[in-house]
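One structure is given below, encoded as structure tokens.
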Protein chains: 2
Amino acid sequence: MVSSNDVAKLAGVSQATVSRVLNNSEKVNAATTKKVNDAIQELNYRPNAAARSLISRKSGIIALMCGPLDDPENAEFSGKTIAYAREKGFITELHIQDPNEPAAVFESIGRSQAEGILAGPIMLVGAGVELLEKSGIPYAFCGMEYQGNGSFISMDNRAAGSMAADYIYSLNHRVVGWLGGNSDEPRLHDRYTGFLERMKQQEIEILSATDAISDWDPILSAMMARKDRPTAIVAATDAIGAYAIDFLIAYGYSIPEDISIVGIGNSKQAAMNYLGLTSVGLPGETDIFKAGVDQLIARINGDSIVPVPKGGLMPELFERKSAVAI
Amino acid sequence: MVSSNDVAKLAGVSQATVSRVLNNSEKVNAATTKKVNDAIQELNYRPNAAARSLISRKSGIIALMCGPLDDPENAEFSGKTIAYAREKGFITELHIQDPNEPAAVFESIGRSQAEGILAGPIMLVGAGVELLEKSGIPYAFCGMEYQGNGSFISMDNRAAGSMAADYIYSLNHRVVGWLGGNSDEPRLHDRYTGFLERMKQQEIEILSATDAISDWDPILSAMMARKDRPTAIVAATDAIGAYAIDFLIAYGYSIPEDISIVGIGNSKQAAMNYLGLTSVGLPGETDIFKAGVDQLIARINGDSIVPVPKGGLMPELFERKSAVAI
DNA sequence: ATGAAAGCGCTAACAA
DNA sequence: TTGTTAGCGCTTTCAT
């Protein structure tokens with residue numbers, strides 16, 4: 001490996017001068033600068049990032065924790081977050097949480113050289129948050145309401161659940177299924193809570209499945225096998241909603257003629273005409289990820305904390321074609 | 001920041017011993033080990049990753065270059081690659097290429113502390129590959145056939161294009177649109193080449209759009225505005241195909257009654273029943289990403305290069321419901 | 001404007 | 001088994 005020392009020798013200057021040129025700091029003689037740059041060129045020298053961050057205590061890396069990317073909502077969130085972080089000068093390590101082993105992601109993150117950790121849509125499981133805390137690395141939550149030391153910025157997930165419930169009720173559905181809302185994932189749990197609360201008020205019959213599962217087939221089978229099968233299903237995420245539609249079509253149902261489906265999240269996917277998934281969520285242009293990244297960077301820099309909206313952003317209903325009145 | 005020196009002092013041992021305990025190498029006295037671990041616990045000490053990698057010349061990080069995650073094919077690829085890399089002991093930095101500024105990703109990657117670079121589905125633009133080469137960091141291509149120093153592992157994209165062409169021809173379509181296939185992205189360019197070659201043989205009228213654009217609306221409008229509008233459209237990726245379907249539905253068309261659509265890639269998305277996109281690609285369980293990661297790790301370790309299948313893996317046709325004969 | 005030297009936190013000889 | 005010491009490649013005083 002070629003070091004700044006090699007460059008210095010070739011350029012006939014001291015190693016410190018090479019460093020100065022690299023950081024184009026201070027006033028270095030133009031002639032010297034040229035000599036050094038020529039040597040850098042010739043040797044194809046690249047500064048060693050590890051040595052730099054050993055001194056500066058800055059790696060230029062943040063870690064993003066996120067659920068599986070086959071959920072378009074997660075993919076969209078990650079993509080936007082990574083792009084925005086890059087704008088802000090950070091490279092992003094992506095740590096994807098395996099739903100079958102949700103604790104693992106918290107462990108690997110401790111070894112990270114990241115300057116900060118952004119906890120996106122993930123399951124908060126076991127000693128996970130404690131590990132985050134103990135890592136000593138600044139962190140922030142984004143997309144869920146976690147009441148800890150990390151800040152958070154989020155949609156009001158509970159309100160979203162309630163709105164889905166109200167909508168389905170207004171469409172005269174009285175036997176309703178619910179999919180998702182695993183209690184380890186605060187975002188989804190809050191959605192379920194809001195939904196349940198409102199439905200209970202109306203004394204609607206609810207068939208809920210809130211387990212942390214990746215395979216919804218048996219759940220959907222069980223729901224649809226009943227004599228009083230649901231006339232509508234509300235899903236904790238659009239991805240689950242889309243999956244339900246996929247499944248139901250395979251089983252011969254027509255959507256929404258045979259059964260109505262409502263998602264939560266208002267992802268891009270939901271808005272596609274071939275899916276047309278009615279969904280409760282924030283308008284597409286809402287930049288939750290920006291607030292998250294800004295918040296995290298503020299924490300990294302030890303700035304006074306940027307205030308976040310209390311209680312989360314209020315979602316809206318986006319009516320498309322997957323749900324109708326009966 | 002608490003260092004191994006602080007731990008050593010508290011434990012009443014030398015700093016080297018702390019290091020030994022950390023790497024649970026050599027034989028350290030059980031009693032000493034306990035003292036050290038207690039001190040680590042008490043101070044909540046975490047080893048400094050930068051210092052470690054300064055010595056070991058290993059960061060435990062690989063960089064993955066990939067196209068935008070709102071293409072489900074990219075999201076799927078990234079997710080699987082990251083998971084597999086983690087299995088192999090590597091954390092992944094995700095570098096997403098902005099289609100509007102495709103060169104940027106090659107520059108930022110040079111500064112990376114990554115031990116290796118995996119070039120996934122991206123546009124090879126300008127001096128990009130040269131920069132890769134000059135970075136001195138081992139790299140490998142994955143998902144496209146680039147004939148350089150980096151190895152590659154891929155589907156036979158050219159064959160995929162040809163197969164799509166043959167299929168559409170066998171369905172009696174004689175005015176056919178093509179979407180995508182930007183020449184900067186070898187993967188897509190090869191698909192286009194294969195398609196064009198076969199179509200030209202048949203003297204079919206082709207309306208092609210191969211620009212590097214993110215907005216297909218004007219292209220689709222222009223195609224469908226013609227008096228002899230195409231009866232079928234082949235898309236260079238499933239994501240583009242899905243977008244075309246979305247657009248066409250919005251314009252009042254029924255798929256496949258009014259127009260047939262065929263994608264390439266056979267992504268999970270294509271297989272969803274609500275989309276049902278006929279596509280040419282590898283079976284879903286094909287693990288291209290594994291070969292890519294394995295290849296890269298071999299290069300990192302300087303192992304003798306693992307051989308890759310020549311000419312790429314042969315794709316298959318997955319007939320679903322978006323294309324019919326006329 | 002430039003060089004010499006200290007040291008970031010750690011690992012890995014080499015001693016003891 | 002443990003301590004001492006020498007760097008890894010760089011930034012940053014402090015001299016010159």
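Within every chain, numbering begins at 1; the chains are lettered A, B, ... in the order of the sequence lines, protein sequences first and strands thereafter. Keep in mind that what you see is a predicted model, and the values were worked out from it rather than measured.
For B:N48, no side-chain nitrogen or oxygen approaches OP1 or OP2 of C:dC8 to under 4.0 Å. Between A:S3 and D:dG9 there is no side-chain N or O to OP1 or OP2 distance below 4.0 Å. For A:T17 and C:dG3, the shortest distance from a side-chain N or O to OP1 or OP2 is below 4.0 Å. Of the side-chain N and O atoms in A:N5, none sit less than 4.0 angstrom from OP1 or OP2 of D:dC10. For D:dT11, one of the phosphate oxygens OP1 or OP2 lies less than 4.0 angstrom from a side-chain nitrogen or oxygen of A:R52.
Residue pairs meeting the side chain to side chain donor-acceptor pair (under 3.5 Å) criterion with at least one member in residues 51-71 of chain A, sequence neighbours excluded: A:D70-B:K268. Sorted by first and then second residue, the pairs that involve residues 32-49 of chain A and meet side chain to side chain donor-acceptor pair (under 3.5 Å), not counting sequence neighbours, are A:K34-A:D38.
Atom CG in B:L22 sits about 11 Å away from atom C1' in C:dT11, given to the nearest Å. The distance between atom CZ of A:R20 and atom P of C:dA1, rounded to the nearest whole Å, is 11 Å. As rounded to whole Å, 14 Å separates atom P of C:dG9 from atom CG of B:L43. In this entry the distance linking NZ of A:K9 with P of C:dG3 reads 14 Å, nearest Å.
Counting heavy atoms from C-beta on, the side chains of A:F289 and A:L64 never come closer than 4.5 Å.
Residues forming a side-chain contact (heavy atoms from CB on, under 4.5 Å) with A:E101 (at least two apart in sequence, or on another chain): A:D98, A:A104. Every side-chain contact (heavy atoms from CB on, under 4.5 Å) that A:A49 has, sequence neighbours left out, goes to B:Q113. Under the side-chain hydrogen bond (donor to acceptor under 3.5 Å, both in side chains) criterion, B:Q97 pairs with no residue at all, not counting sequence neighbours. Listed by chain and number, the residues in a side-chain contact (heavy atoms from CB on, under 4.5 Å) with A:I55 amount to none (sequence neighbours excluded). A search for side-chain hydrogen bond (donor to acceptor under 3.5 Å, both in side chains) contacts involving A:S78 returns nothing, not counting sequence neighbours.
The side chain of A:S4 approaches D:dC10 more closely than any other nucleotide in the set C:dT11, D:dC10, C:dG3. Checked against D:dC10, C:dC10, D:dC14, the side chain of B:Q15 finds its nearest nucleotide in C:dC10. Side-chain atoms of A:T32 lie closest to C:dA1 of the nucleotides C:dA5, C:dC10, C:dA1. Which of D:dT11, C:dC10, D:dG3 sits closest to the side chain of A:N23 comes down to D:dT11.
Within the 3.5 Å criterion, the main-chain N or O of A:N5 finds a donor-acceptor partner in the side chain of A:S3. In this structure, A:E115 contributes its side chain and A:I62 its backbone to no donor-acceptor pair below 3.5 Å.
B:V18 comes within 4.0 angstrom of nothing in the nucleic acid, heavy atoms only. At a threshold of 4.0 angstrom between heavy atoms, the contacts of A:S19 include nucleobase atoms, whether or not backbone atoms are also involved.
Contacts between residues 54-63 of chain B and DNA chain D, counted as heavy-atom distances below 4.0 Å, involve B:L54, B:I55, B:R57.
Inter-axis angle, ends of the helix from C:dA1-D:dT16 to C:dA16-D:dT1, five pairs per end, rounded to 10 degrees: 40°.
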